[in-house]
2 protein chains.
Amino acid sequence: MTGVTTAAADPVEPEKPRRARGEQTRQLILETALRLFRERGYTETTMRAIAKEAGVAVGNAYYYFDSKEHLIQGFYDRNQAAHRVAAEQVLADEKELAPRLRGVLHAGIDVNAPYHSFAATFFKSAAEPSSPLSPFSRESSPAREAAIAIFREVVDGSTAKLDPELRKELPELLWLGWMGVILFWVYDKSPGQRRTRRLIDGAVPLIDRLVSLSRLRVLRPALRQVLALIESVRRDD
Amino acid sequence: MTGVTTAAADPVEPEKPRRARGEQTRQLILETALRLFRERGYTETTMRAIAKEAGVAVGNAYYYFDSKEHLIQGFYDRNQAAHRVAAEQVLADEKELAPRLRGVLHAGIDVNAPYHSFAATFFKSAAEPSSPLSPFSRESSPAREAAIAIFREVVDGSTAKLDPELRKELPELLWLGWMGVILFWVYDKSPGQRRTRRLIDGAVPLIDRLVSLSRLRVLRPALRQVLALIESVRRDD
DNA sequence: CCCGGTACTTGAACATGTTCAAGTGATGTG
DNA sequence: CACATCACTTGAACATGTTCAAGTACCGGG
């Protein structure tokens, strides 16, 4: 955890001041862009088309968004929020770990399902490590933390008893698994992405069992080994 | 396994005829492109620069390569071959599963290491599901099979005794793991990509142990469950 | 009310991946 | 050897993401 007191400059940009009219224009451009993305797909939607449809000059879009890819961030934020809402619904009802996890994962797929066809198109933007859209990027940090928080709630709100060390790591591990599911989903061409659903239904019981077993004394050394691996890989040197 | 007798048309293109001069030009363009990619990076290398440097018209490059991205395929093939050679060196010396796997993975990183800085840049091309560069694409099928073959040799040539069902699946699973390592490596910004090395060194013993345990009678149901999951997810309906 | 600054807006210009109609030259055939 | 065919080559033209110098609108202070 890097403290607030570190000498390095705070990497968060100071959020340019904006007047009411500006915010309105910004919203208009974003709404128009997302609508056109949905209607025609990402690649087929040109910046000129967005500008024309929104009734502004093309340069204006670039005043509010650094690039075409940056428009996608709005999509992300929206779906993230929707996932959170859907997840809370599930978490209020279920108390055991397995159904909680299963419900949250399915909810995530539900939320994204309408966008599967063109999610793949701009998925590549997210894949580039240097892209602000990467789930590991600094810009995505708030969204990432919010997502991990959901999985923390999955764990902490459950009746499952588990090793305290593991409990600390599990939310982030589950989030990583969720990223894997998303990756699978993006590549999943089966009708309605059934294979992804099957993956979730099959993997959750396995994870649940593994987590329960983590409390067994016999498996303590193995668990330690796994946790040590995570720690050593996370170390950034 | 789809048989050779399926009614669907063979999706492999008929390989356009090519004369000696054509092949020469093709090679020239590819060599020039890869050199410039190495020297300046992928994005910074324009098609015009490649053409100029190779002494041909820009349209000529498009006669041999469908797009700029397709030039990367040449890079892939080359590194794939280099990995195979390096892996065989290891496999000739080591007989136990763990060192064989460890050696092959490190060899793979060794081969790719010189290109880490710009591998990330065009990694995004590979990430797009519809791209021919995707490791799961039809066009990549030969390269993918070759890669899986390396891992089959890792398993089959080892002294490890393991469940026959698992033995059948393991090479593809290890390849999948290798893709995961590559994914990690692409994102790994630590000096010399040390973290990726640590990931390999830490994960291999775990995999080795897990594989050995697969023969235990007690774990048979769990193994069945895992294999069933794989089967159900692989099913393409 | 005027003025200076700053948020906002514009559209032409630019860079670069890609296409294509038109040419050039080698090769095999009668 | 003449000719037809087809591989090969060309470079201008096009499409689209991005930049930028210039202009406009609004706000706050004197």
Side-chain angles (χ1 to χ4, degrees), chain A residues 13-30 32-34 36-37 39-74 118 121-122 124-126 128 130-133, chain B residues 13-30 32-34 36-37 39-74 118 121-122 124-126 128 130-133:
Chain A
E13 277 116 80
E15 183 81 35
K16 205 181 278 189
R18 183 154 291 143
R19 308 220 254 246
R21 178 168 61 113
E23 188 52 40
Q24 200 173 332
T25 308
R26 195 195 128 93
Q27 289 297 331
L28 173 65
I29 292 169
L30 181 59
T32 308
L34 293 185
L36 292 185
F37 289 166
E39 287 174 12
R40 321 178 180 173
Y42 179 72
T43 324
E44 289 68 29
T45 304
T46 71
M47 291 301 280
R48 284 170 182 76
I50 295 170
K52 189 168 193 176
E53 193 79 4
V56 300
V58 62
N60 207 353
Y62 282 93
Y63 180 77
Y64 292 102
F65 300 92
D66 288 345
S67 73
K68 187 182 178 189
E69 289 189 358
H70 276 76
L71 284 164
I72 303 175
Q73 192 76 53
F118 77 108
T121 311
F122 62 63
K124 62 184 244 188
S125 304
E128 193 174 20
S130 62
S131 164
L133 288 171
Chain B
E13 277 115 79
E15 183 82 35
K16 205 181 278 187
R18 182 154 292 144
R19 309 222 252 247
R21 178 167 61 113
E23 188 51 40
Q24 200 173 330
T25 307
R26 196 194 127 93
Q27 287 298 332
L28 172 65
I29 291 169
L30 181 59
T32 307
L34 293 185
L36 292 185
F37 288 168
E39 287 175 9
R40 321 178 181 176
Y42 179 72
T43 323
E44 288 69 29
T45 303
T46 70
M47 291 301 279
R48 285 169 182 77
I50 295 170
K52 190 170 193 176
E53 192 79 3
V56 300
V58 63
N60 207 352
Y62 282 92
Y63 179 77
Y64 292 103
F65 300 92
D66 288 345
S67 74
K68 188 182 176 188
E69 289 188 359
H70 276 76
L71 284 164
I72 303 176
Q73 192 76 53
F118 77 108
T121 311
F122 61 64
K124 64 185 239 187
S125 305
E128 193 173 19
S130 62
S131 165
L133 288 171

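Every chain is numbered from 1, with letters handed out A, B, ... down the list of sequences. Bear in mind that the values here come from a model prediction, so they are computed numbers and not experimental data.
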Exercise for the section: Count the heavy atoms belonging to other residues, nucleotides or ligands that lie under 6.0 Å from CD of A:Glu39, then report whether that count exceeds 12. Expected result: yes
Please enumerate all protein N or O atoms sitting under 3.5 Å from an N or O of nucleotides 10-20 of chain C, with distances to 0.1 Å.
{"from": "C:dT10", "atom 1": "OP2", "to": "A:Ala57", "atom 2": "N", "distance (Å)": "2.8"}
{"from": "C:dT10", "atom 1": "OP2", "to": "A:Asn60", "atom 2": "ND2", "distance (Å)": "3.3"}
{"from": "C:dG17", "atom 1": "OP1", "to": "B:Lys68", "atom 2": "NZ", "distance (Å)": "3.0"}
{"from": "C:dG17", "atom 1": "OP2", "to": "B:Met47", "atom 2": "N", "distance (Å)": "2.8"}
{"from": "C:dG17", "atom 1": "N7", "to": "B:Arg48", "atom 2": "NH1", "distance (Å)": "2.8"}
{"from": "C:dG17", "atom 1": "O6", "to": "B:Arg48", "atom 2": "NH2", "distance (Å)": "2.6"}
{"from": "C:dT18", "atom 1": "OP2", "to": "B:Tyr62", "atom 2": "OH", "distance (Å)": "2.8"}
{"from": "C:dT18", "atom 1": "OP2", "to": "B:Lys68", "atom 2": "N", "distance (Å)": "2.9"}
{"from": "C:dT18", "atom 1": "O5'", "to": "B:Tyr62", "atom 2": "OH", "distance (Å)": "3.4"}

Show the nearest heavy-atom pair for residues [X] and [Y], with the distance to one decimal.
X	Y	result
A:Gly41	A:Thr45	O-OG1, 2.7 Å
B:Ile50	B:Thr32	O-CG2, 3.8 Å
A:Gly74	A:Leu34	C-CD1, 4.5 Å

Run the side-chain hydrogen bond (donor to acceptor under 3.5 Å, both in side chains) test against [X] and tell me which residues pass, sequence neighbours left out.
X	result
B:Glu69	B:Ser125
B:Ser67	B:His70
B:Glu23	B:Gln27

Practice task
Would you classify B:Phe65 as touching base, sugar-phosphate or nothing, given that sugar-phosphate means primed atoms plus P, OP1 and OP2, and contacts are heavy atoms under 4.0 Å?
Solution key: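 Since no nucleic acid heavy atom lies under 4.0 Å of B:Phe65, the category is nothing.
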Using a cut-off of under 3.5 Å, enumerate the N/O to N/O pairs linking the protein to nucleotides 21-28 of chain C.
none

Practice task
Please determine if a side-chain N or O atom of A:Thr25 lies less than 4.0 Å away from the OP1 or OP2 oxygen of C:dT9.
Solution key: yes
Problem - Pairs flagged by salt bridge (charged side-chain N to carboxylate O under 4.0 Å, His left out) wherever residues 40-52 of chain B is involved - sequence neighbours left out - result: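 Listed once each, the pairs would be none.
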